[in-house]
Amino acid sequence: MAAPWEDVLQNTAAVQEAARVAVDAALLAGVLMRTEDQPNASDVVNYAPFTLLPSAVPRALFEQAYTVQQDFNLLVDAISQNKEFLEHTLASTIKVDDFTARLFRIYVQVLEEGLAQSVFLGINRSDYMFDCGVDGTPALKQIEINTIAASFGGLTSRTAAVHGQVLKVLGKSEEASHLLPNNPARGLALGIAEAWKLYGSPSAVVMFLVEEVQRNIFDQRCVENELWNRNIRVIRKRFRDVFEKGSLDAARRLYMEGKEVAVVYYREGYVPRNYDQQNWEARLLLERSRAVKCPDIATQLAGTKKVQQELSQPGTLERLLPGCPEAVARIRATFAGLYSLDMGEEGDKIAAMAIADPDRFVLKPQREGGGNNLYSEELRQVLEKIKDSPERTSYILMDKIKPQPSMNYLLRAHSPLQVSECISELGIFGVYIRHGKELVMNKAAGHLLRTKATEHADGGVAAGVAVLDTPFLV
Ligand code: ADP
Ligand code: MG
């Protein structure tokens, strides 16, 4: 599975020259992030971290991931419409996890009132690693699916060009010509634009709901600019703005400062720290509205780790996607072992199994954004402490996926250039639209490859651990 640049990895002079070219190419291409010191100003910016070289990805697994994306879109959409399933699946979790419980309460409240929304837009990203089996054959295994605020579709639209230039500098023009074009930002924007059109009010705007701290604004601007290019107005607002200035009319149309909002695209709202009491009220207002929420709160709940675990139970996929045995088989083939820690004998056994062999597993709470999972000794200690308490049901247990590492250089501002042992995670963006009961769009919209040094068990690009990459198919 090695990429054909093992030969240059040890050539220090060539690597240093290529790194200088790479950084300038990234800045020119717009692979940008605001700085930690000034996260809300664009006066001084830097390049987003990325690999010097593209990483090898098995072609068959890459294609498998694209093929199964439409199935995952269907599945998420089906879950979001299945109250009984969400209720049943999250019942134990919401007893102990306050964040999921609050989301769930809004979900129920909005359903009881009756949905004003009739156009549903889903933008998700299904993430995978290439698990190395005993015989060395890699298999595509899903890490998770992100149904809210899935990021880096913008910046990753620009990394292939940077890596292409690096390869040329290193005398690998032929290989450079094989890098795939990739533009998730456009695919995401096409989905938003279509949802905006179906909403049916030409003067209405698209609202990006953004965090207080906006380091990753350029990633969002890529999508925003695609919308402006289609003459769709975009406004950027925070929950606080919605609380202060948002309102609904009698038909529950959403207004912000006098402008009707057709689509609310969340790049915020996925972790507890995004919410105070006012923000929860703002969230409720948005959910009650007629505007297309991307995602609506049901779809956010469909992306919880607990739902992921429940999907792996025998018969669940079949019930959610009746009459689609092929889609079910394609989805199931990507599942790693997932285990419930619900109270009872079965959960007791699972907890004991993990405590006895903690290196085989990952312990995951209902959180997003990286850096929350527990591994090895820490996993053992935490499980040991909570194994007899209902607190354990706020976690799920998952088999640890073990990819074959490869060597690369991770380019990060103010960091020394050094070779690292790395593993990669492939994400596929999915976009779909449902109008009432009818699915009118269902697409895979591009990919994202992120790579991190094996010394870090966890953490994404935003968390400063993983970096952007480009797949080189082998
Ligand atoms: P989050 O919602 O915080 O992104 P993830 O489930 O994606 O949670 O886990 C975060 C990171 O932890 C992943 O990007 C991956 O590096 C690592 N990870 C998660 N699950 C596994 C697993 N089963 N095996 C190996 N690594 C994992
Ligand atoms: Mg993740």
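Every number for a ligand or one of its atoms is a count from 1 in the order of the listing.
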Is it true that [X] and [Y] make a salt bridge, defined as a side-chain N closer than 4.0 Å to a carboxylate O?
X      : Y      : value
Lys293 : Glu287 : no
Glu318 : Arg332 : yes
Glu224 : Arg236 : yes
Arg267 : Asp219 : yes
Arg283 : Glu268 : no
Glu368 : Lys305 : yes

If you have a sec, work out which protein heavy atom is nearest [atom] and how many Å separate them, to one decimal?
atom                    : result
atom 16 (O) of ligand 1 : Lys452 NZ, 2.8 Å
atom 11 (C) of ligand 1 : Asp458 OD1, 3.1 Å
atom 21 (C) of ligand 1 : Ile143 CD1, 3.6 Å
atom 15 (C) of ligand 1 : Glu425 OE1, 3.5 Å
atom 9 (O) of ligand 1  : Asn373 ND2, 2.9 Å
atom 22 (C) of ligand 1 : Val362 CG2, 3.6 Å
atom 7 (O) of ligand 1  : Glu144 OE2, 2.8 Å

I need the contact type for [X] against ligand 1. Using non-hydrogen atoms and a strict under-4.0 Å cut-off, is it side chain, backbone, both or neither?
X      : result
Arg450 : neither
Met398 : side chain
Lys364 : side chain
Ile401 : both
Glu368 : both
Tyr375 : side chain

Item to check | Centroid-centroid under 6.0 Å between His163 and Phe472 rings | outcome: no

Checklist entry - Would the Tyr66 and Phe62 ring centres measure less than 6.0 Å apart? => result yes

Checklist entry - Between Phe239 and Tyr266, what is the ring plane arrangement, given parallel below 30°, perpendicular above 60°, and tilted in between? => result tilted

Item to check | Mutual orientation of the aromatic rings belonging to Tyr265 and Phe208 [parallel < 30°, tilted 30-60°, perpendicular > 60°] | outcome: perpendicular

Checklist entry - Can you check side chain to side chain donor-acceptor pair (under 3.5 Å) on Thr393 and Ser92, steps first, answer last? => result CA-CA 6 Å; Thr393 59; Ser92 58; 5.0 Å; no

Checklist entry - For Glu144, what is the atom name of its N, O or S atom nearest to the Mg ion (ligand 2)? => result OE2

Taking the non-hydrogen atoms of [X], is any one of them nearer than 4.0 angstrom to ligand 1?
X      : value
Lys141 : no
Gly370 : yes
Asp399 : yes

Checklist outcome for this item: Note: Asp357 and Phe361 closest approach over all heavy atoms is O-CD1, 3.4 Å

Checklist entry - Which of the atoms of ligand 1 are close to Lys305, meaning less than 4.0 Å from one of its heavy atoms? => result 1 (P), 2 (O), 6 (O), 8 (O)

Checklist entry - Which of the atoms of ligand 1 are close to Met129, meaning less than 4.0 Å from one of its heavy atoms? => result 15 (C), 16 (O)

Checklist entry - Taking 2.8 Å as the cut-off, does an N/O/S atom of Asp127 lie below it from the Mg ion (ligand 2)? => result no

